[in-house]
Each structure stands twice: as C-alpha cells, then as structure tokens.
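Below: the structure, in structure tokens.
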Amino acid sequence: MVLPVLVALGCGAWGLSTHSWWRPGLLAAAMVASTLVSLAVKSSVARPRPPAEDMVIPGAETTFSFPSGHTIGAATLVLTLGYLLLSGHATVARVLGWAVVSAAWIGAVGLSRLYLGYHFLTDVVAAVALALATVGALAAADRARRYRSECPQQDSNLQPTD
C-alpha cells in the first residue's frame with residue numbers, strides 16, 4: 001500500500017509545481033492501469049504460488065502468483081518515469097543511464113520475489129512484459145495528444161469555396 005500513496009503524493013506535487021497535470025496524470029494512469037491489468041490476469045490465470053516450504057515467510061503472500069504485482073508496479077513506475085522525463089530531452093547518455101538504472105531496479109525487485117520464493121520466473125518475466133505494454137500504450141496516448149496539438153487547426157468560420 002505504500003507505493004500507491006507515494007505515487008499519488010508525487011504526482012500531486014509534480015502537478016502543483018509545474019501547473020501542468022498531463023504528465024503527472026499519465027504516470028498515475030499508468031500505475032492504475034498496470035494494477036488493473038495485473039489483477040485481471042491474476043484472476044484469469046489463477047496460478048497458485050510456489051509451495052509454502054519454498055517461501056522465506058510462508059503464508060506472507062496469499063493471492064495468485066501470475067504475474068508478479070510487485071514487479072509490474074516497479075517496472076511500470078521506473079519505465080514510465082523514464083519516458084516522461086526523457087521524451088523531448090533525450091540524449092544517448094541519458095537514455096543509457098536510465099536504461100541501466102531501470103534494469104537494475106526491475107532486476108532487483110524481480111530477483112527479490114524469486115529469492116523470497118513468492119514467484120516463479122515466468123511470473124516476473126510476464127510482469128515486465130505487461131509493464132512494457134502499459135508504457136507503450138501511455139507513449140502512444142502522449143504522442144497522439146502531442147500530434148493533435150501540433151497540427152494546424154482549421155478555422156471553423158471559413159466558408160468553403162466553389
């Protein structure tokens with residue numbers, strides 16, 4: 001429950017400081033979307049967790065296993081932030097730096113879920129794939145909005161000529 005609160009506070013602070021709500025709204029929407037997708041897939045697939053004897057703290061996780069909710073949340077957050085902060089300001093060094101940070105962050109979360117015995121490898125891999133799909137949809141929406149705002153608007157008061 002900590003991550004949603006931190007994201008909400010961060011998005012609120014971001015929106016207030018920039019007086020623009022589009023990008024903070026995209027981040028919040030991506031996090032909500034990834035959570036809803038994760039819950040829908042979990043209930044559809046209904047894959048049980050690994051055996052309790054393999055877990056560091058048996059019984060700590062009681063929901064279905066596929067996909068990893070922690071991994072999809074972490075991946076969506078770091079990848080969405082990377083897109084939002086770098087789009088329009090990307091350099092090779094910035095993109096490579098963010099890629100390294102993202103891979104390390106997502107890898108650490110995914111590996112911790114495996115180490116603790118709460119997930120199978122496919123749970124973690126699927127979560128990263130779903131996060132990538134979520135960020136792809138977010139990027140498409142952002143680019144479509146940007147394209148519409150850059151297109152010249154036709155004056156509706158103009159009358160057609162024959």
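Just so you know, these numbers use all the heavy atoms, side chains as well, and skip hydrogens, waters and symmetry mates.
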**Prompt:** Could you state the interatomic distance from CG (L16) to CH2 (W21), rounded to the nearest 0.5 Å?
**Reply:** 4.0 Å
**Message:** Restricting to non-hydrogen atoms, name the atom on T134 and the atom on A33 that form the minimum distance, rounded to 0.1 Å.
**Reply:** CG2-CB, 4.3 Å
**Message:** Does either side chain, that of H89 or that of R94, offer a donor lying less than 3.5 Å from an acceptor on the other one?
**Reply:** no
**Short side-chain to backbone donor-acceptor contact, T76 and I72, under 3.5 Å** = yes
**Asked** Hey, what do you get for OG (S38) to CZ (F64), rounding to the nearest 0.5 Å?
**Response** 12.5 Å
**Item:** Euclidean distance, D54 CG relative to H119 NE2, rounded to 0.5 Å
**Value:** 13.5 Å
**Prompt:** Looking only at heavy atoms, which two atoms of G59 and T62 are closest? And how far apart?
**Reply:** O-CG2, 3.5 Å
**Message:** For S87 and R23: C-alpha separation, side-chain torsions, deciding distance, then whether side chain to side chain donor-acceptor pair (under 3.5 Å) applies.
**Reply:** CA-CA 11 Å; S87 61; R23 289 187 170 266; 3.0 Å; yes
**Request:** Identify the two heavy atoms, one from R49 and one from Y118, that lie closest to each other, and give their separation to 0.1 Å.
**Result:** NH1-O, 2.8 Å
**Asked** Are V95 and I106 grouped together when hydrophobic residues (ILVMFWY) are joined by side-chain heavy atoms under 4.5 angstrom apart?
**Response** yes
**Message:** Is a donor from one side chain sitting under 3.5 angstrom from an acceptor on the other, for Y83 and D142?
**Reply:** yes
**Asked** Can you get from V128 to L3 by hopping between Ile, Leu, Val, Met, Phe, Trp and Tyr side chains that sit under 4.5 Å apart?
**Response** yes
**Prompt:** Do K42 side-chain atoms and T63 backbone N/O form a donor-acceptor pair below 3.5 Å?
**Reply:** no
**Request:** Output yes when R47 and D123 qualify as a salt bridge under the 4.0 Å nitrogen-oxygen rule, no when they do not.
**Result:** yes
**Message:** Assigning hydrophobic clusters by single linkage (Ile, Leu, Val, Met, Phe, Trp, Tyr; side-chain heavy-atom cutoff under 4.5 Å), is V78 placed with L111?
**Reply:** no
**Asked** Is there a path of hydrophobic side-chain contacts, each under 4.5 Å between heavy atoms of I, L, V, M, F, W or Y residues, that connects M31 with L130?
**Response** no
**Residues, nucleotides or ligands: over 12 heavy atoms within 6.0 Å of W105 CH2** = no
**Item:** Shortest non-hydrogen separation from G110 to T71 and the atoms involved
**Value:** CA-OG1, 3.8 Å
**Fill in**
Value for CG (L138) from CZ (R143), rounded to nearest 0.5 Å, stands at 10.5 Å
**Request:** Kindly give the heavy-atom pair with the smallest separation between A30 and T80, and that separation in Å.
**Result:** CB-OG1, 3.7 Å
**Message:** L116 vs I57, test: side-chain contact (heavy atoms from CB on, under 4.5 Å). Steps then yes/no.
**Reply:** CA-CA 8 Å; L116 293 171; I57 303 173; over 6 Å; no
**Message:** Taking CG in L96 as the centre, count heavy atoms belonging to other residues, nucleotides or ligands within less than 6.0 Å. Is the count above 12?
**Reply:** yes
**Linked, directly or transitively: L79 and V7 (ILVMFWY side chains, under 4.5 Å)** = yes
**Item:** Geometric cation-pi criterion, R145 with W22: 6.0 Å, 45°
**Value:** yes
**Asked** What distance separates C11 SG from L26 CG, expressed to the nearest 0.5 Å?
**Response** 9.5 Å
**Asked** Which heavy atom in S65 sits nearest to a heavy atom in F120, and how many Å separate them?
**Response** OG-CD1, 4.0 Å
**Asked** How long is the span from the OG atom in S68 to the CZ atom in R113, to the nearest 0.5 Å?
**Response** 5.5 Å
